[in-house]
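This report refers to the structure that appears directly beneath it.
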Amino acid sequence: MTVPSFWLHSLGPITPRPPLAGDRTADVAIVGGGYTGLWTAYYLARLAPALSVVVLEAEYCGFGASGRNGGWASGLFPVAEDKLSRRYGADRAAAMHAALADAVDEVGRVTAAEGIDCHYAKGGTISLVRSPAQLRRAYRTKGFVGAEEARAICGASDVLGGVYSPDCAALHPARLVRGLAEAVAARGVTIHEGTRVRRVARGLVETERGTVRAGTVVRALEGYTARLAGHRRTLAPVYSLMIATEPLPAADWERIGLRRRETFTDERHMIIYGQRTADDRLAFGGRGAPYHFGSRVEPDFDRVPAVFDSLQATLTEMFGIRPPIAHRWGGPLGIPRDWMPSVGLEDGIGWAGGYVGDGVAAANLAGRTLADLISGTESDRTALPWVGHRSRLWEPEPIRWLGINAALRATHLRDALERS
């Protein structure tokens, strides 16, 4: 059985909306009830209210990464700006990052306007530098701050500096996705939960409960894309796991800081991420769980005790505390072969995703972009570098399994060598 995240658990019981009941037609059919699908529906309802829009979700809105993530609405992009500049030119690369920074604010604007209480707090993010090797990599990075300034933001151990960006907000991800579903439904969009999609094609979505015929079909499944017929190698589902502590006492927060609810990570290669929640817990996660052969996505993969133990040990090492852990959970995120997220519309089929774990704000930008493309609205968004990008497919098995897991082990080894 899938373990609910702390975020979903805190909402209490969720009553799914009715599933699809037989065949129907629509102007737009969106496959996936997470951030990407719901933001697309939201902006379509604003731009083109005459369109009939249907969202199809296998479980309930927010069941996947949108209800399980670390709660960072960040301007981060998995492809570095200098690499984007070489590929697309400096102006388009800068436009990509500016659009993502604006998406952080747009999430705040919309949630305020719609009355979605998702605990949005734009305190920025700090990536701590905690070893000489990390310092050598980071000190010339844009946003680098010295040890004293970094420790004033986040009082972790062994801090030699940090890289700070203002373009990040901490939030409660499940409150965001469930509130967004309510806002979308209030604007006339039909949401069918409990409706698993088997196949998409031009003008057609086949589900276990009927067929939807639509002029435009949008694929927005992120880490669950591999379950869709014909897409086993489109995105690799790689698991990220999280823990949440019980609320910490004021004395601990006096040392830890994060007074503006800045999100935090450090400069190690194996990604970790954390935030101070609105009720004074530490919600903390990281990569390191294995990739599963054949791009399998199963409920049992949400729990890897060794990874949970490692996350708890990392909190102890960073902050000198060993707090009770209230929740442990996980879920898959989607990784394209070249780590380049994309959004597009071709031959009546739209798509967005491959966020590599940085999808909370990126999905908002993707939803706005898809709404522009579908409605025929010209905008600066439709000229961004990720629009129309096609990543090559992942290698077939067993090469895919060997390569991804070898890369995970190599990343662990690099971090171990830098600590020695």
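These figures come from a predicted structure and were not determined experimentally. Computed from heavy atoms alone, side chains included, the values below leave out hydrogens, waters and symmetry copies.
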Contact between [X] and [Y] at the side-chain level, heavy atoms closer than 4.5 Å - yes or no?
X      : Y      : value
Met318 : Phe264 : yes
Ile335 : Ile404 : no
Arg328 : Leu241 : no
Leu11  : His172 : yes
Glu246 : Arg281 : yes
Phe308 : Arg303 : yes
Arg130 : Glu267 : no
Glu418 : Arg136 : no

[X] to [Y] - nearest heavy-atom pair and separation:
X      : Y      : value
Cys61  : Ile191 : SG-CG2, 3.8 Å
Ala93  : Pro385 : N-CG, 4.4 Å
Ala220 : Gly37  : CB-N, 3.8 Å
Val297 : Pro332 : CG1-CG, 3.9 Å
Ala289 : Val304 : CB-CG2, 4.1 Å
Ser391 : Met340 : OG-O, 3.6 Å

Is it the case that the side chain of [X] and the backbone of [Y] share a donor-acceptor pair, with hydrogens and angles ignored and the cut-off at 3.5 Å?
X      : Y      : answer
Ser310 : Ala306 : no
His192 : Arg17  : no
Thr382 : Thr377 : no
Ser5   : Gly67  : yes
Arg232 : Ala226 : yes
Arg276 : Gly257 : yes
Asn69  : Pro173 : no

At what distance, to the nearest 0.5 angstrom, does [atom1] of [X] lie from [atom2] of [Y]?
X      : Y      : atom1 : atom2 : result
Leu76  : Thr263 : CG    : OG1   : 8.0 Å
Leu38  : Leu180 : CG    : CG    : 5.0 Å
Arg381 : Met96  : CZ    : CE    : 11.5 Å
Leu393 : Thr234 : CG    : OG1   : 5.5 Å

| query | Under 6.0 Å from the six-membered ring centre of Trp7 and within 45° of its axis: does the NZ or CZ of Arg178 meet both? | reply |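 Geometry flag: not set, cation outside 6.0 Å or 45°.
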| query | Distance under 6.0 Å and angle within 45° of the ring axis: does Arg68 meet both against Phe63? | reply | yes
| task | Give me the one residue out of Tyr43, Tyr35, Tyr42 that meets side-chain hydrogen bond (donor to acceptor under 3.5 Å, both in side chains) with Asn364. | result |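 Checked Tyr43, Tyr35, Tyr42 against Asn364; only one passes side-chain hydrogen bond (donor to acceptor under 3.5 Å, both in side chains): Tyr43.
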According to the interplanar angle, ranging from 0 to 90°, do the rings of [X] and [Y] count as parallel (below 30°), tilted (30 to 60°) or perpendicular (above 60°)?
X      : Y      : answer
Phe6   : Trp329 : tilted
Tyr139 : Phe144 : perpendicular
Phe301 : Tyr239 : perpendicular

Salt bridge check, [Y] against [X]: does any charged N sit closer than 4.0 Å to a carboxylate O?
X      : Y      : answer
Glu57  : Arg196 : no
Asp102 : Arg368 : yes
Arg175 : Asp117 : yes

| request: Say whether Ser379 and Asp372, considering side chains only, have a donor N or O and an acceptor N or O under 3.5 Å apart. | output: yes
| request: For Asp167 and His97, test the side chains for any donor-to-acceptor distance below 3.5 angstrom and give the result as yes or no. | output: no
For the [atom1] atom on [X], are there more than 12 heavy atoms of other groups (residues, nucleotides or ligands in this structure) within a distance under 6.0 Å?
X      : atom1 : value
Arg255 : CZ    : yes
Trp253 : CH2   : yes
Asp309 : CG    : yes
Arg109 : CZ    : yes
Asp82  : CG    : yes

| said: Using side-chain contact (heavy atoms from CB on, under 4.5 Å), reason through Gln312 and Phe284 one step at a time and then give a plain yes or no. | reply: CA-CA 9 Å; Gln312 186 168 9; Phe284 187 67; over 6 Å; no
| Given Leu370, which of Val343, Val387, Leu44 fulfils the side-chain contact (heavy atoms from CB on, under 4.5 Å) condition? | Val343
| request: Determine, stepwise, if the pair Arg296 / Glu397 fulfils salt bridge (charged side-chain N to carboxylate O under 4.0 Å, His left out). | output: CA-CA 12 Å; Arg296 289 172 59 210; Glu397 299 291 17; over 6 Å; no
| request: Could you give me the CA-CA distance, side-chain angles and deciding distance for Arg390 and Glu346, then say whether salt bridge (charged side-chain N to carboxylate O under 4.0 Å, His left out) is met? | output: CA-CA 11 Å; Arg390 293 280 194 178; Glu346 292 181 8; 3.1 Å; yes
| message | Working note: Ile321 + Leu282, criterion side-chain contact (heavy atoms from CB on, under 4.5 Å); need CA distance, chi angles, decisive distance, verdict. | response | CA-CA 11 Å; Ile321 59 175; Leu282 274 170; 4.1 Å; yes
| query | Applying the salt bridge (Lys or Arg N to Asp or Glu O under 4.0 Å) test to Glu395, which of Arg233, Arg337, Arg400 qualifies? | reply |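 Passing option: Arg337.
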| query | Which is it for Ile325 and Leu311 under the side-chain contact (heavy atoms from CB on, under 4.5 Å) test, yes or no, and what are the steps along the way? | reply | CA-CA 10 Å; Ile325 304 302; Leu311 291 172; over 6 Å; no
| said: Under the criterion side-chain contact (heavy atoms from CB on, under 4.5 Å), I'd like the reasoning laid out for Leu160 against Gln134: C-alpha separation, chi angles, the key distance, then a yes or no. | reply: CA-CA 9 Å; Leu160 305 176; Gln134 293 178 10; over 6 Å; no
